[in-house]
Amino acid sequence: MAALYSIAEFGSFVADKIVPGYQSLPKHIFDQLENFILTKRNKQADASEIMGISVRKGVGKIITAKNYVGIITMRDGTTIEILPKIYSQTFDEADESGNIAAVRKILVEMLKTLYQPSYKLLQTAYVNVANINILEVFIRMYIDEVFRIVKHGLKCDYESVMQNDSIIKGKLKFSEHIKRNYAHKELNFVEVDHYSPNRPENRLIKTTLQYLYRQSASIRNKRDIKTLLNEFSEVSLSENFETDFSKCVPDRNMIDYEFALQWSRVFLSGKSFTSFSGSEIAAALLFPMETLFERYIAVKLFQILGGEEFQFFTQDTRHYLFDEPSKKFLMRPDIVMIRKGDGKTFVADTKWKVLSETKSNYGISQADMYQMFAYQKKYGAENITLIYPLTQQVPSNRDIQYMSHDGVTVRVKFVDLSDVQGSLSKIAEDFKGEKTTDDSFVY
(Lines give C-alpha, C1' and ligand atoms only; values in the text may rest on other atoms or scores of the structure.)
Protein backbone atom coordinates (compact mmCIF):
# COMPACT_ATOMS: atom_id res chain seq x y z
CA MET A 1 0.00 0.00 0.00
CA ALA A 2 1.35 3.44 -0.96
CA ALA A 3 2.48 5.64 1.92
CA LEU A 4 0.45 8.68 2.96
CA TYR A 5 2.01 11.55 4.93
CA SER A 6 -0.28 14.24 6.34
CA ILE A 7 0.71 17.67 7.52
CA ALA A 8 -1.21 20.82 8.44
CA GLU A 9 -0.69 24.30 7.01
CA PHE A 10 2.55 25.80 8.28
CA GLY A 11 3.67 22.41 9.58
CA SER A 12 7.14 21.13 8.73
CA PHE A 13 8.84 17.98 7.43
CA VAL A 14 12.25 16.66 8.46
CA ALA A 15 14.23 13.83 6.85
CA ASP A 16 14.61 10.45 8.57
CA LYS A 17 14.44 11.63 12.18
CA ILE A 18 11.93 11.89 14.99
CA VAL A 19 11.62 15.48 16.23
CA PRO A 20 8.64 16.58 18.36
CA GLY A 21 6.38 18.92 16.37
CA TYR A 22 7.71 17.78 12.98
CA GLN A 23 6.58 15.14 10.51
CA SER A 24 9.31 12.72 9.45
CA LEU A 25 9.71 11.80 5.78
CA PRO A 26 11.98 9.08 4.36
CA LYS A 27 15.16 10.70 3.07
CA HIS A 28 14.48 9.91 -0.61
CA ILE A 29 10.96 11.40 -0.40
CA PHE A 30 12.28 14.48 1.41
CA ASP A 31 14.92 14.92 -1.31
CA GLN A 32 12.32 14.59 -4.09
CA LEU A 33 10.13 17.18 -2.41
CA GLU A 34 13.08 19.52 -1.94
CA ASN A 35 14.02 19.17 -5.61
CA PHE A 36 10.41 19.89 -6.58
CA ILE A 37 10.46 23.14 -4.59
CA LEU A 38 13.85 24.27 -5.86
CA THR A 39 13.45 23.53 -9.54
CA LYS A 40 9.81 23.44 -10.56
CA ARG A 41 8.25 26.55 -12.01
CA ASN A 42 5.33 26.91 -14.38
CA LYS A 43 2.87 29.49 -15.71
CA GLN A 44 0.57 29.30 -12.69
CA ALA A 45 2.93 29.55 -9.74
CA ASP A 46 6.33 28.85 -8.29
CA ALA A 47 6.59 25.75 -6.07
CA SER A 48 8.37 27.90 -3.49
CA GLU A 49 5.05 29.69 -2.97
CA ILE A 50 3.62 26.37 -1.79
CA MET A 51 6.41 25.24 0.51
CA GLY A 52 9.58 26.75 1.90
CA ILE A 53 12.99 25.29 2.75
CA SER A 54 15.02 26.45 5.74
CA VAL A 55 17.48 25.22 8.34
CA ARG A 56 16.70 25.22 12.05
CA LYS A 57 19.34 24.89 14.75
CA GLY A 58 19.18 21.50 16.42
CA VAL A 59 16.78 20.18 13.80
CA GLY A 60 18.54 20.58 10.48
CA LYS A 61 16.93 21.16 7.12
CA ILE A 62 13.13 21.47 7.17
CA ILE A 63 10.43 21.85 4.54
CA THR A 64 7.50 23.97 5.72
CA ALA A 65 4.04 24.08 4.17
CA LYS A 66 2.56 27.50 3.51
CA ASN A 67 -1.10 28.44 3.15
CA TYR A 68 -1.93 25.98 0.36
CA VAL A 69 -3.84 22.76 0.97
CA GLY A 70 -4.28 19.65 -1.13
CA ILE A 71 -2.06 16.79 -2.24
CA ILE A 72 1.24 16.04 -3.93
CA THR A 73 1.60 12.55 -5.38
CA MET A 74 4.91 10.90 -6.23
CA ARG A 75 5.43 8.52 -9.13
CA ASP A 76 5.93 5.64 -6.69
CA GLY A 77 2.44 6.24 -5.26
CA THR A 78 3.56 8.13 -2.15
CA THR A 79 1.11 10.92 -1.28
CA ILE A 80 1.82 14.06 0.72
CA GLU A 81 -1.37 15.60 2.03
CA ILE A 82 -1.50 19.20 3.25
CA LEU A 83 -4.59 19.83 5.38
CA PRO A 84 -5.97 23.14 6.68
CA LYS A 85 -5.11 24.06 10.24
CA ILE A 86 -8.54 23.92 11.85
CA TYR A 87 -9.56 24.30 15.48
CA SER A 88 -12.89 23.01 16.71
CA GLN A 89 -14.33 22.61 20.17
CA THR A 90 -15.53 19.17 19.08
CA PHE A 91 -12.01 17.87 18.47
CA ASP A 92 -10.45 15.52 21.03
CA GLU A 93 -6.85 16.52 21.78
CA ALA A 94 -6.00 12.90 22.60
CA ASP A 95 -7.34 11.56 19.28
CA GLU A 96 -4.92 12.88 16.69
CA SER A 97 -5.92 10.41 13.94
CA GLY A 98 -9.61 11.15 14.54
CA ASN A 99 -8.95 14.88 14.25
CA ILE A 100 -7.03 14.40 10.99
CA ALA A 101 -9.93 12.37 9.60
CA ALA A 102 -12.38 15.12 10.64
CA VAL A 103 -10.26 17.85 9.02
CA ARG A 104 -9.94 15.82 5.83
CA LYS A 105 -13.72 15.53 5.68
CA ILE A 106 -14.11 19.29 6.24
CA LEU A 107 -11.60 19.99 3.46
CA VAL A 108 -13.53 17.81 1.02
CA GLU A 109 -16.73 19.70 1.89
CA MET A 110 -14.94 22.99 1.25
CA LEU A 111 -13.55 21.79 -2.07
CA LYS A 112 -17.04 20.84 -3.21
CA THR A 113 -17.94 24.54 -3.31
CA LEU A 114 -15.07 25.64 -5.54
CA TYR A 115 -17.33 26.27 -8.51
CA GLN A 116 -20.37 28.31 -7.71
CA PRO A 117 -23.09 27.96 -8.93
CA SER A 118 -22.28 24.30 -9.66
CA TYR A 119 -21.85 23.39 -6.01
CA LYS A 120 -25.46 22.13 -5.88
CA LEU A 121 -24.45 19.33 -8.25
CA LEU A 122 -21.79 18.08 -5.89
CA GLN A 123 -23.70 15.91 -3.48
CA THR A 124 -21.44 12.86 -3.63
CA ALA A 125 -21.79 10.68 -0.55
CA TYR A 126 -18.39 9.11 0.10
CA VAL A 127 -18.82 7.05 3.24
CA ASN A 128 -15.13 6.46 3.87
CA VAL A 129 -14.00 9.93 2.83
CA ALA A 130 -12.07 10.41 6.09
CA ASN A 131 -9.71 7.58 5.15
CA ILE A 132 -9.41 8.18 1.41
CA ASN A 133 -6.71 10.04 -0.49
CA ILE A 134 -8.19 13.42 -1.45
CA LEU A 135 -7.22 12.87 -5.10
CA GLU A 136 -9.40 9.75 -5.16
CA VAL A 137 -12.30 11.81 -3.80
CA PHE A 138 -11.85 14.31 -6.66
CA ILE A 139 -11.75 11.45 -9.15
CA ARG A 140 -14.84 9.87 -7.61
CA MET A 141 -16.79 13.12 -7.83
CA TYR A 142 -15.79 13.54 -11.48
CA ILE A 143 -16.79 9.96 -12.29
CA ASP A 144 -20.19 10.43 -10.67
CA GLU A 145 -20.77 13.58 -12.70
CA VAL A 146 -19.85 11.87 -15.98
CA PHE A 147 -22.18 8.98 -15.12
CA ARG A 148 -24.93 11.60 -14.79
CA ILE A 149 -24.10 12.95 -18.27
CA VAL A 150 -24.08 9.44 -19.78
CA LYS A 151 -27.42 8.65 -18.14
CA HIS A 152 -28.98 11.67 -19.90
CA GLY A 153 -27.23 10.78 -23.17
CA LEU A 154 -24.07 12.19 -24.77
CA LYS A 155 -24.73 15.35 -26.73
CA CYS A 156 -24.12 15.00 -30.47
CA ASP A 157 -23.42 17.45 -33.25
CA TYR A 158 -22.86 17.39 -36.98
CA GLU A 159 -19.27 16.58 -37.92
CA SER A 160 -17.85 16.99 -41.42
CA VAL A 161 -16.12 13.82 -42.64
CA MET A 162 -14.17 13.40 -45.88
CA GLN A 163 -14.53 9.98 -47.49
CA ASN A 164 -14.35 8.01 -50.72
CA ASP A 165 -17.71 6.44 -51.46
CA SER A 166 -19.31 4.59 -54.34
CA ILE A 167 -22.46 6.67 -53.90
CA ILE A 168 -22.50 10.44 -54.29
CA LYS A 169 -23.85 11.90 -51.06
CA GLY A 170 -23.07 15.13 -49.35
CA LYS A 171 -20.77 17.53 -51.19
CA LEU A 172 -18.42 16.35 -53.95
CA LYS A 173 -14.88 17.73 -53.36
CA PHE A 174 -14.04 18.03 -57.06
CA SER A 175 -10.30 18.81 -57.01
CA GLU A 176 -9.57 16.14 -54.42
CA HIS A 177 -11.83 13.69 -56.26
CA ILE A 178 -9.86 14.16 -59.48
CA LYS A 179 -6.55 13.69 -57.69
CA ARG A 180 -7.56 10.59 -55.71
CA ASN A 181 -9.91 8.80 -58.11
CA TYR A 182 -8.34 9.28 -61.55
CA ALA A 183 -8.10 5.50 -61.90
CA HIS A 184 -11.21 4.70 -59.84
CA LYS A 185 -14.22 6.00 -61.70
CA GLU A 186 -16.54 4.07 -59.40
CA LEU A 187 -15.54 6.18 -56.35
CA ASN A 188 -16.45 9.73 -55.34
CA PHE A 189 -14.54 11.84 -52.82
CA VAL A 190 -17.21 13.64 -50.82
CA GLU A 191 -17.69 15.70 -47.66
CA VAL A 192 -20.50 14.28 -45.54
CA ASP A 193 -22.03 15.61 -42.32
CA HIS A 194 -22.45 12.88 -39.70
CA TYR A 195 -24.48 13.34 -36.53
CA SER A 196 -21.84 12.24 -34.05
CA PRO A 197 -20.92 12.49 -30.33
CA ASN A 198 -17.38 13.42 -31.41
CA ARG A 199 -17.73 17.04 -30.32
CA PRO A 200 -15.16 19.02 -28.24
CA GLU A 201 -16.97 18.62 -24.90
CA ASN A 202 -17.00 14.84 -25.22
CA ARG A 203 -13.39 14.74 -26.41
CA LEU A 204 -12.29 16.67 -23.33
CA ILE A 205 -14.22 14.41 -20.98
CA LYS A 206 -12.84 11.24 -22.60
CA THR A 207 -9.29 12.62 -22.39
CA THR A 208 -9.83 13.50 -18.72
CA LEU A 209 -11.12 10.01 -17.98
CA GLN A 210 -8.03 8.46 -19.55
CA TYR A 211 -5.78 10.78 -17.56
CA LEU A 212 -7.58 9.98 -14.29
CA TYR A 213 -7.39 6.25 -15.00
CA ARG A 214 -3.59 6.55 -14.95
CA GLN A 215 -3.64 8.68 -11.78
CA SER A 216 -6.05 6.59 -9.72
CA ALA A 217 -5.01 3.77 -7.40
CA SER A 218 -8.60 2.92 -6.48
CA ILE A 219 -9.93 -0.36 -7.92
CA ARG A 220 -13.48 1.03 -7.85
CA ASN A 221 -12.52 4.27 -9.60
CA LYS A 222 -10.53 2.44 -12.30
CA ARG A 223 -13.38 -0.01 -12.91
CA ASP A 224 -15.94 2.77 -13.29
CA ILE A 225 -13.66 4.81 -15.58
CA LYS A 226 -13.31 1.78 -17.90
CA THR A 227 -17.10 1.46 -17.94
CA LEU A 228 -17.45 5.12 -18.88
CA LEU A 229 -14.79 4.94 -21.59
CA ASN A 230 -16.89 2.30 -23.33
CA GLU A 231 -19.66 4.91 -23.61
CA PHE A 232 -17.20 7.25 -25.36
CA SER A 233 -16.04 4.66 -27.93
CA GLU A 234 -17.15 6.86 -30.86
CA VAL A 235 -15.35 9.90 -29.43
CA SER A 236 -11.70 10.66 -30.21
CA LEU A 237 -9.19 12.04 -27.72
CA SER A 238 -8.54 15.76 -27.58
CA GLU A 239 -5.38 16.68 -29.49
CA ASN A 240 -5.37 20.29 -28.28
CA PHE A 241 -7.02 21.10 -24.94
CA GLU A 242 -7.14 24.86 -25.38
CA THR A 243 -8.60 24.65 -28.87
CA ASP A 244 -11.34 22.29 -27.73
CA PHE A 245 -12.09 24.38 -24.62
CA SER A 246 -12.43 27.46 -26.84
CA LYS A 247 -15.07 25.60 -28.88
CA CYS A 248 -17.18 24.80 -25.81
CA VAL A 249 -19.95 27.38 -25.93
CA PRO A 250 -22.22 27.23 -22.87
CA ASP A 251 -25.93 27.11 -23.57
CA ARG A 252 -29.04 25.59 -22.05
CA ASN A 253 -28.61 22.37 -24.00
CA MET A 254 -25.16 21.82 -22.48
CA ILE A 255 -25.99 22.62 -18.85
CA ASP A 256 -25.39 18.97 -17.88
CA TYR A 257 -21.76 19.36 -18.94
CA GLU A 258 -20.97 22.50 -16.91
CA PHE A 259 -19.41 20.91 -13.85
CA ALA A 260 -17.56 18.14 -15.72
CA LEU A 261 -15.95 20.63 -18.10
CA GLN A 262 -14.88 22.89 -15.26
CA TRP A 263 -13.05 20.01 -13.63
CA SER A 264 -11.71 18.74 -16.96
CA ARG A 265 -9.97 22.10 -17.22
CA VAL A 266 -8.58 21.62 -13.71
CA PHE A 267 -7.25 18.14 -14.39
CA LEU A 268 -5.98 18.73 -17.92
CA SER A 269 -4.54 22.22 -17.86
CA GLY A 270 -4.44 23.45 -14.29
CA LYS A 271 -6.21 26.73 -15.00
CA SER A 272 -8.26 26.83 -11.82
CA PHE A 273 -5.71 25.82 -9.21
CA THR A 274 -2.00 25.38 -8.81
CA SER A 275 -0.83 22.34 -10.74
CA PHE A 276 2.67 20.94 -11.08
CA SER A 277 4.40 17.92 -12.52
CA GLY A 278 8.07 17.05 -12.24
CA SER A 279 10.62 14.28 -12.54
CA GLU A 280 9.43 12.47 -9.41
CA ILE A 281 6.17 14.34 -8.80
CA ALA A 282 3.29 12.68 -10.64
CA ALA A 283 0.74 15.38 -9.89
CA ALA A 284 -0.13 18.08 -7.39
CA LEU A 285 -3.51 19.63 -6.62
CA LEU A 286 -2.99 22.58 -4.31
CA PHE A 287 -5.43 25.32 -3.40
CA PRO A 288 -4.85 28.67 -1.62
CA MET A 289 -6.67 28.40 1.69
CA GLU A 290 -7.81 32.04 1.69
CA THR A 291 -9.71 31.50 -1.57
CA LEU A 292 -11.15 28.20 -0.40
CA PHE A 293 -12.41 29.67 2.91
CA GLU A 294 -13.86 32.70 1.12
CA ARG A 295 -15.79 30.56 -1.38
CA TYR A 296 -17.00 28.08 1.24
CA ILE A 297 -18.39 30.75 3.55
CA ALA A 298 -20.07 32.57 0.64
CA VAL A 299 -21.80 29.41 -0.59
CA LYS A 300 -22.94 28.33 2.88
CA LEU A 301 -24.17 31.82 3.78
CA PHE A 302 -26.09 31.97 0.51
CA GLN A 303 -27.79 28.69 1.40
CA ILE A 304 -28.99 30.28 4.64
CA LEU A 305 -29.88 33.79 3.42
CA GLY A 306 -30.24 33.72 -0.36
CA GLY A 307 -33.54 33.54 -2.15
CA GLU A 308 -36.64 35.42 -1.03
CA GLU A 309 -35.12 37.35 1.89
CA PHE A 310 -31.91 38.77 0.40
CA GLN A 311 -30.25 39.73 -2.83
CA PHE A 312 -26.85 38.12 -2.61
CA PHE A 313 -23.64 39.17 -4.41
CA THR A 314 -20.14 37.68 -4.20
CA GLN A 315 -16.98 39.51 -5.25
CA ASP A 316 -19.14 42.54 -6.01
CA THR A 317 -17.64 45.08 -8.44
CA ARG A 318 -20.26 47.83 -8.58
CA HIS A 319 -18.23 50.48 -6.76
CA TYR A 320 -14.89 52.21 -7.07
CA LEU A 321 -13.15 54.06 -4.27
CA PHE A 322 -13.05 57.22 -6.43
CA ASP A 323 -15.46 58.37 -9.13
CA GLU A 324 -13.77 61.54 -10.48
CA PRO A 325 -12.14 62.42 -12.80
CA SER A 326 -12.73 58.73 -13.70
CA LYS A 327 -13.53 55.59 -11.77
CA LYS A 328 -10.37 54.36 -10.00
CA PHE A 329 -9.47 51.68 -7.42
CA LEU A 330 -12.10 48.98 -7.83
CA MET A 331 -13.67 47.70 -4.61
CA ARG A 332 -14.41 43.98 -4.34
CA PRO A 333 -16.01 42.91 -1.05
CA ASP A 334 -16.42 39.14 -0.64
CA ILE A 335 -20.15 39.20 0.14
CA VAL A 336 -22.80 41.91 -0.26
CA MET A 337 -26.37 41.28 0.93
CA ILE A 338 -29.38 43.56 0.37
CA ARG A 339 -32.38 42.82 2.59
CA LYS A 340 -35.46 42.86 0.37
CA GLY A 341 -37.85 43.99 3.07
CA ASP A 342 -36.23 47.38 3.68
CA GLY A 343 -33.36 47.61 1.17
CA LYS A 344 -30.68 47.70 3.89
CA THR A 345 -27.20 46.60 2.80
CA PHE A 346 -24.81 44.36 4.73
CA VAL A 347 -21.24 43.55 3.74
CA ALA A 348 -19.17 40.59 4.93
CA ASP A 349 -15.51 39.81 4.29
CA THR A 350 -13.74 36.55 5.10
CA LYS A 351 -10.21 36.33 6.43
CA TRP A 352 -8.31 33.03 6.79
CA LYS A 353 -6.26 34.11 9.79
CA VAL A 354 -5.93 32.97 13.39
CA LEU A 355 -6.78 35.79 15.82
CA SER A 356 -5.49 35.85 19.38
CA GLU A 357 -6.19 37.77 22.59
CA THR A 358 -2.44 38.13 23.11
CA LYS A 359 -2.03 40.21 19.93
CA SER A 360 -2.72 43.89 19.52
CA ASN A 361 -6.33 44.29 18.27
CA TYR A 362 -6.50 40.47 18.25
CA GLY A 363 -4.17 40.47 15.24
CA ILE A 364 -6.67 42.22 12.93
CA SER A 365 -4.61 44.18 10.43
CA GLN A 366 -4.94 47.93 10.16
CA ALA A 367 -5.11 47.63 6.36
CA ASP A 368 -8.13 45.33 6.68
CA MET A 369 -9.90 47.85 8.89
CA TYR A 370 -9.20 50.68 6.43
CA GLN A 371 -10.76 48.46 3.77
CA MET A 372 -13.83 47.72 5.90
CA PHE A 373 -14.27 51.43 6.67
CA ALA A 374 -14.26 52.21 2.94
CA TYR A 375 -16.76 49.41 2.21
CA GLN A 376 -19.26 50.71 4.73
CA LYS A 377 -19.00 54.29 3.49
CA LYS A 378 -19.23 53.40 -0.20
CA TYR A 379 -22.02 50.85 0.12
CA GLY A 380 -23.95 52.71 2.80
CA ALA A 381 -23.98 49.45 4.73
CA GLU A 382 -25.66 48.98 8.10
CA ASN A 383 -22.50 47.27 9.28
CA ILE A 384 -19.56 45.22 8.11
CA THR A 385 -18.91 41.71 9.39
CA LEU A 386 -15.42 40.22 9.36
CA ILE A 387 -15.58 36.41 9.44
CA TYR A 388 -12.60 34.43 10.78
CA PRO A 389 -12.12 30.72 11.55
CA LEU A 390 -12.72 29.77 15.17
CA THR A 391 -9.58 29.88 17.27
CA GLN A 392 -8.66 28.52 20.67
CA GLN A 393 -6.95 31.81 21.42
CA VAL A 394 -10.17 33.87 21.55
CA PRO A 395 -13.21 32.70 23.60
CA SER A 396 -16.01 31.66 21.24
CA ASN A 397 -18.53 33.84 23.09
CA ARG A 398 -16.38 36.99 22.91
CA ASP A 399 -18.29 39.90 21.33
CA ILE A 400 -15.82 41.93 19.28
CA GLN A 401 -17.17 45.08 17.70
CA TYR A 402 -15.62 48.36 16.60
CA MET A 403 -17.68 51.54 16.17
CA SER A 404 -16.84 55.08 15.11
CA HIS A 405 -18.87 58.24 15.81
CA ASP A 406 -19.54 58.73 12.09
CA GLY A 407 -21.65 55.60 11.86
CA VAL A 408 -19.18 52.86 10.92
CA THR A 409 -19.58 49.52 12.71
CA VAL A 410 -17.35 46.50 12.12
CA ARG A 411 -18.31 43.21 13.78
CA VAL A 412 -15.90 40.31 14.17
CA LYS A 413 -17.38 36.81 14.05
CA PHE A 414 -15.92 33.29 14.20
CA VAL A 415 -16.94 30.15 12.32
CA ASP A 416 -16.44 26.64 13.68
CA LEU A 417 -15.79 24.70 10.47
CA SER A 418 -16.96 21.46 12.08
CA ASP A 419 -20.39 23.14 12.47
CA VAL A 420 -20.38 25.76 9.75
CA GLN A 421 -24.16 25.68 9.36
CA GLY A 422 -24.72 26.39 13.07
CA SER A 423 -22.05 29.10 13.22
CA LEU A 424 -23.29 30.94 10.14
CA SER A 425 -26.93 30.65 11.21
CA LYS A 426 -26.06 32.65 14.33
CA ILE A 427 -24.17 35.23 12.28
CA ALA A 428 -27.11 35.45 9.85
CA GLU A 429 -29.37 36.66 12.67
CA ASP A 430 -27.54 40.01 12.51
CA PHE A 431 -28.57 40.39 8.88
CA LYS A 432 -32.15 39.19 9.20
CA GLY A 433 -33.10 41.79 11.80
CA GLU A 434 -31.54 44.27 14.18
CA LYS A 435 -31.60 43.40 17.86
CA THR A 436 -33.34 45.74 20.24
CA THR A 437 -32.46 46.12 23.89
CA ASP A 438 -34.89 43.35 24.89
CA ASP A 439 -33.20 40.91 22.46
CA SER A 440 -36.21 40.79 20.15
CA PHE A 441 -35.89 41.57 16.46
CA VAL A 442 -37.28 44.41 14.39
CA TYR A 443 -37.59 44.41 10.59
Side-chain angles (χ1 to χ4, degrees), residues 4 6-11 23 65 67-71 81-114 116 119-120 122-134 136-138 140-141 286-305 334-335 348-357 362-363 385-400 411-431:
L4 171 64
S6 295
I7 194 173
E9 286 176 282
F10 306 109
Q23 168 69 277
N67 61 332
Y68 281 73
V69 296
I71 57 168
E81 181 181 64
I82 307 172
L83 298 173
K85 193 170 185 178
I86 291 174
Y87 166 74
S88 173
Q89 294 173 324
T90 64
F91 288 175
D92 183 351
E93 292 184 9
D95 184 12
E96 183 177 356
S97 62
N99 293 343
I100 289 175
V103 170
R104 187 179 293 122
K105 190 171 182 179
I106 291 169
L107 176 57
V108 170
E109 290 300 313
M110 297 178 80
L111 290 167
K112 286 180 182 182
T113 65
L114 271 177
Q116 191 180 6
Y119 69 89
K120 290 182 180 178
L122 262 172
Q123 301 296 334
T124 304
Y126 212 107
V127 177
N128 297 317
V129 68
N131 301 313
I132 296 294
N133 181 323
I134 290 173
E136 298 295 352
V137 176
F138 284 144
R140 182 72 250 161
M141 292 191 296
L286 297 161
F287 302 81
M289 197 57 208
E290 297 98 329
T291 302
L292 201 51
F293 182 64
E294 170 194 308
R295 182 64 58 90
Y296 187 52
I297 296 302
V299 167
K300 291 299 181 181
L301 198 54
F302 174 77
Q303 290 174 346
I304 296 169
L305 290 174
D334 293 340
I335 301 166
D349 237 41
T350 57
K351 304 293 179 184
W352 183 253
K353 183 178 182 180
V354 176
L355 299 189
S356 172
E357 281 192 307
Y362 299 95
T385 301
L386 277 172
I387 301 175
Y388 292 87
L390 184 67
T391 169
Q392 192 175 13
Q393 295 157 30
V394 179
S396 59
N397 60 353
R398 179 63 52 83
D399 183 25
I400 304 175
R411 297 170 176 174
V412 178
K413 301 293 182 180
F414 298 95
V415 171
D416 184 343
L417 289 172
S418 68
D419 181 24
V420 68
Q421 194 76 13
S423 296
L424 288 177
S425 292
K426 292 178 181 177
I427 293 173
E429 292 176 0
D430 290 338
F431 308 133

Quick one: do I297 and V420 satisfy side-chain contact (heavy atoms from CB on, under 4.5 Å)? Show the steps, please. CA-CA 8 Å; I297 296 302; V420 68; 4.2 Å; yes
[X] versus [Y]: any side-chain heavy-atom pair under 4.5 Å?
X	Y	answer
E357	P395	yes
D419	T90	no
V103	L417	no
V412	Y362	no

Work out which heavy atom in [X] is nearest to a heavy atom in [Y]; give both atom names and the distance.
X	Y	answer
L301	L424	N-CD1, 3.9 Å
A65	I82	CB-CG2, 4.0 Å
K353	P389	O-CD, 3.5 Å
P84	L107	CD-CD2, 3.9 Å

ring-ring contact (aromatic ring centres under 6.0 Å, His included) partner of F293, chosen from W352, Y388, F287: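 Going through W352, Y388, F287 one by one, the ring-ring contact (aromatic ring centres under 6.0 Å, His included) with F293 is satisfied by W352 alone.
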Assess whether side-chain contact (heavy atoms from CB on, under 4.5 Å) is satisfied between D430 and K413, documenting all intermediate values. CA-CA 11 Å; D430 290 338; K413 301 293 182 180; 3.3 Å; yes
Measure the spacing between [atom1] of [X] and [atom2] of [Y] and express it to the nearest 0.5 Å.
X	Y	atom1	atom2	result
D349	D334	CG	CG	4.0 Å
I387	I335	CD1	CD1	5.5 Å
N67	M289	CG	CE	9.5 Å
R104	I86	CZ	CD1	12.0 Å

Determine whether V394 and I400 satisfy the following criterion, side-chain contact (heavy atoms from CB on, under 4.5 Å), listing intermediate values before the conclusion. CA-CA 10 Å; V394 179; I400 304 175; 4.2 Å; yes
Answer yes if the side chains of E81 and S6 hold a donor-acceptor pair under 3.5 Å, and no otherwise. yes
Would you please name every residue forming a side-chain hydrogen bond (donor to acceptor under 3.5 Å, both in side chains) with Q393, sequence neighbours left out? S356
Please walk me through it: do I427 and I304 pass side-chain contact (heavy atoms from CB on, under 4.5 Å)? CA-CA 10 Å; I427 293 173; I304 296 169; over 6 Å; no
Which residues satisfy the side-chain contact (heavy atoms from CB on, under 4.5 Å) test with L390, sequence neighbours excluded?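 L390 satisfies side-chain contact (heavy atoms from CB on, under 4.5 Å) with Y87, Q89, S396, F414, D416 only.
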Taken in chain and number order and not counting sequence neighbours, the residues that satisfy side-chain contact (heavy atoms from CB on, under 4.5 Å) with N99 are F91
Any side-chain to backbone donor/acceptor pair from E9 onto K85? Under 3.5 Å, distance only.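 Yes; judged by distance alone, with no hydrogens or angles, the pair exists.
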